[in-house]
2 protein chains.
Amino acid sequence: MSLQHALLGVLEARPMSGYDLVQFFDGSSGYIWAAPQSQIYPTLRRMEQAGLIAGDDEQRGPRLTRTVYSVTEKGLAELRKWLSTPGKPQPVRDPVLLQALHFDMIESEQAHEVLEQFIREQEAAAEEAEGHRDRLLRQETPLLVERLSRHDPTDHDRIARLKAHVFAGLAATARTRAEWAREGQRLLATRKTPGED
Amino acid sequence: MSLQHALLGVLEARPMSGYDLVQFFDGSSGYIWAAPQSQIYPTLRRMEQAGLIAGDDEQRGPRLTRTVYSVTEKGLAELRKWLSTPGKPQPVRDPVLLQALHFDMIESEQAHEVLEQFIREQEAAAEEAEGHRDRLLRQETPLLVERLSRHDPTDHDRIARLKAHVFAGLAATARTRAEWAREGQRLLATRKTPGED
DNA sequence: CACTACATGTAACTAGTTACATGATTCG
DNA sequence: CGAATCATGTAACTAGTTACATGTAGTG
């Protein structure tokens, strides 16, 4: 369900083809929401049928066309409605936590290594998110610029700060999880009861 | 795939029936991993077929039987192997972040309310996780007690602390997210560029 | 006898993953 | 002309969700 809202969200900034959207959601740009190409095309067609978006066929060369989708009034209303609806708490399903729950069953060296890799991932994710946050604050990202072009300049800072805050949150969560994993590594190092250092 | 490992993990502490496992994963106890009843029974049968667990039929009254599953050698090996394998980074797909990304499109009062509910959920989740962490540290939870009964007493503290740490992580993440949402509420309150207070 | 807990299932669906398939256009 | 990029699809699968269905056993 949310993929539709994610698509509406970016199309609201700028009409795009399925291919453009694939770059956005499938590639490394897939911050916040990720989706493979095979999911995007059928979803776009379903959304067009539902009247949330409208496709406009453009000629690119003699026999190649691309369909550029834009958000309809109905789509905009649906997006606004969804944005205003508190989401129900989704069930926790985190593989790393599940692994950590049973780290007493394996050698602590192996558990340490699993956490080590996790830490690297989380730190990398945090840095990427912080980079994106900064680019948003400096209003350097193409999509944001396009979005802002249709707003009163006095609103630009507030909009940029709101978007940036989402990436700050992504970064903060990743840092928290990395720190948790490091604490886990320290715990793994303690053996038996007396070695309390 | 991970549901199987979650099931192996609790069955390793104590053999259980499908019904028992449903209480564990479907009810409020479904910390760390949640799964509905309709997913658990078929999964158990597939796992038995795969030789990861073995079912033992017990009579409960004249015409009611229950099947108690226990982890086989093969299941234990599979669990240990999975525990030692670093998991690939899973795509981020967080509805609240997706909503927050477009909070500039709705009234800030409504966005504030969405965050308010999110904060309440996260704080509640944090408190529940912290409660469970403390019960684990005091070695009060039934399953942990059962698990520890098959371990050298000198290991008990370390095992309990490792398990508790997972719930500490759950709590820490929830607190971080709640704090992020509160910061978001503050940002929403700022209007236009000059009102920087 | 009614209610709760025990115990196990199935059907239909949505979302997401992995892999394959095809052709057009542009650029060096 | 070959490679990269543009552009759009399909098939087969796994995981997870929602809802329904059925009967037994214990307790007040």
Side-chain angles (χ1 to χ4, degrees), chain A residues 1-8 15-30 32-50 52-53 55-69 82 87-95 98, chain B residues 1-7 15-30 32-50 53 55-69 82 87-95 98:
Chain A
M1 196 87 274
S2 287
L3 173 58
Q4 303 201 8
H5 299 113
L7 291 167
L8 288 173
M16 284 186 192
S17 68
Y19 185 82
D20 293 332
L21 291 162
V22 167
Q23 310 312 111
F24 226 89
F25 288 90
D26 199 5
S28 55
S29 289
I32 311 297
W33 208 268
Q37 183 252 36
S38 66
Q39 210 189 347
I40 291 172
Y41 284 107
T43 301
L44 286 171
R45 264 174 292 146
R46 270 188 289 122
M47 289 170 75
E48 189 177 20
Q49 279 212 314
L52 300 173
I53 57 178
D56 178 37
D57 285 13
E58 277 183 9
Q59 285 299 316
R60 315 273 292 182
R63 75 198 77 198
L64 185 61
T65 49
R66 68 168 189 173
T67 310
V68 175
Y69 294 98
W82 178 76
K88 55 192 98 161
Q90 5 141 218
V92 186
R93 228 177 263 122
D94 187 329
L98 185 56
Chain B
M1 195 87 273
S2 287
L3 173 57
Q4 302 201 7
H5 299 113
L7 291 167
M16 283 186 191
S17 69
Y19 186 80
D20 295 331
L21 290 163
V22 168
Q23 309 313 110
F24 227 89
F25 288 90
D26 200 4
S28 54
S29 288
I32 312 297
W33 207 268
Q37 184 251 36
S38 66
Q39 210 189 349
I40 291 173
Y41 283 107
T43 302
L44 286 171
R45 266 175 290 145
R46 270 189 291 121
M47 289 170 75
E48 190 178 18
Q49 279 211 312
I53 57 178
D56 179 36
D57 285 14
E58 276 184 11
Q59 283 299 314
R60 313 274 292 182
R63 78 195 76 198
L64 186 61
T65 48
R66 70 167 188 173
T67 309
V68 176
Y69 295 97
W82 178 76
K88 55 193 97 164
Q90 1 140 219
V92 185
R93 228 176 263 121
D94 188 328
L98 186 55

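All values below come from the heavy atoms of this structure, side chains included, with hydrogens, waters and symmetry mates left out. Chain letters run A, B, ... following the sequence lines, proteins first, then strands; residues in each count from 1.
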Chemist: Work out how much the helix from C:dC1-D:dG28 to C:dG28-D:dC1 bends between its end axes, five pairs an end, to the nearest 10 degrees.
Modeler: 20°
Chemist: Under a 3.5 Å distance rule, please check whether A:R93 uses its side chain to pair with a backbone N or O of B:A34 as donor and acceptor.
Modeler: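 The answer is yes, because a donor-acceptor pair under 3.5 Å joins these two groups.
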Chemist: Respond yes when some side-chain nitrogen or oxygen of B:R93 is under 4.0 Å from OP1 or OP2 of D:dG16, and no when none is.
Modeler: no
Chemist: Tell me the interatomic distance from A:M16, atom CE, to D:dC6, atom P, rounded to whole angstroms.
Modeler: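 It is 13 Å, rounded to the nearest whole Å.
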Chemist: Figure out the CD/C1' separation between B:Q90 and D:dA15, and round it to whole Å.
Modeler: 14 Å
Chemist: Could you state the atom-to-atom distance from CD of B:Q23 to P of C:dT4 in whole Å?
Modeler: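 B:Q23 atom CD is separated from C:dT4 atom P by 16 Å.
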Chemist: Nearest to the B:W33 side chain among D:dG16, D:dA15, C:dT18, which nucleotide is it?
Modeler: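 Closest nucleotide to the B:W33 side chain: D:dG16.
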Chemist: Start at the 5' end of DNA chain C and walk down; is the nucleotide closest to B:K88 or to A:R46 reached first?
Modeler: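 Going by which nucleotide is closer to the 5' end, it is A:R46.
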Chemist: Check side-chain hydrogen bond (donor to acceptor under 3.5 Å, both in side chains) between B:S2 and all other residues, then give those that pass, not counting sequence neighbours.
Modeler: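 So B:S2 forms no side-chain hydrogen bond (donor to acceptor under 3.5 Å, both in side chains) with any residue.
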Chemist: Send over the distance from A:D26 CG to C:dG16 P, rounded to a whole Å.
Modeler: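 About 13 Å, once rounded to whole Å.
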Chemist: Between atom CG in B:D57 and atom P in C:dC6, what is the gap in whole Å?
Modeler: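 Taking atom P of C:dC6 as the reference, CG of B:D57 is at 19 Å.
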Chemist: Are A:L8 and A:I53 close enough that some pair of their side-chain heavy atoms sits under 4.5 Å apart?
Modeler: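 Contact flag for A:L8/A:I53 side chains = yes.
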Chemist: With a 3.5 Å distance limit and no angle check, can you tell me whether B:Q59 reaches the backbone of B:T65 through a side-chain donor-acceptor pair?
Modeler: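 Not a single qualifying donor-acceptor pair exists.
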Chemist: Sugar-phosphate atoms are those with a prime plus P, OP1 and OP2; base atoms are the rest. Using that split, label each nucleotide of nucleotides 7-13 of chain C B, S or - for protein heavy atoms under 4.0 Å, 5' to 3'.
Modeler: BBBBB--
Chemist: With B:R66, which residues qualify under salt bridge (Lys or Arg N to Asp or Glu O under 4.0 Å), at least two apart?
Modeler: B:D20, B:E58
Chemist: For B:S38, give me all partners under side-chain hydrogen bond (donor to acceptor under 3.5 Å, both in side chains), at least two apart in sequence or on another chain.
Modeler: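 Residues passing side-chain hydrogen bond (donor to acceptor under 3.5 Å, both in side chains) with B:S38: none at all.
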Chemist: Looking at B:G55, is its backbone amide N or carbonyl O close enough to the side chain of B:E48 to form a donor-acceptor pair, meaning the two atoms are under 3.5 Å apart?
Modeler: yes
Chemist: Grab the CZ-C1' distance between A:F24 and D:dC6 for me, whole Å please.
Modeler: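 Between C1' of D:dC6 and CZ of A:F24: 18 Å.
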Chemist: Output all residues satisfying side-chain contact (heavy atoms from CB on, under 4.5 Å) with B:P89, sequence neighbours left out; order by chain, then residue number.
Modeler: A:E121
Chemist: Is B:R45 close to B:Q49 at the side-chain level, that is, under 4.5 Å between some pair of heavy atoms?
Modeler: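 In short, these two side chains do not touch, never coming nearer than 4.5 Å.
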Chemist: Check the distance between C:dG16's C1' and A:Q4's CD and give it to me in whole angstrom.
Modeler: 14 Å
Chemist: Which whole-number value in Å describes the distance from A:F25 CZ to C:dT17 C1'?
Modeler: 17 Å
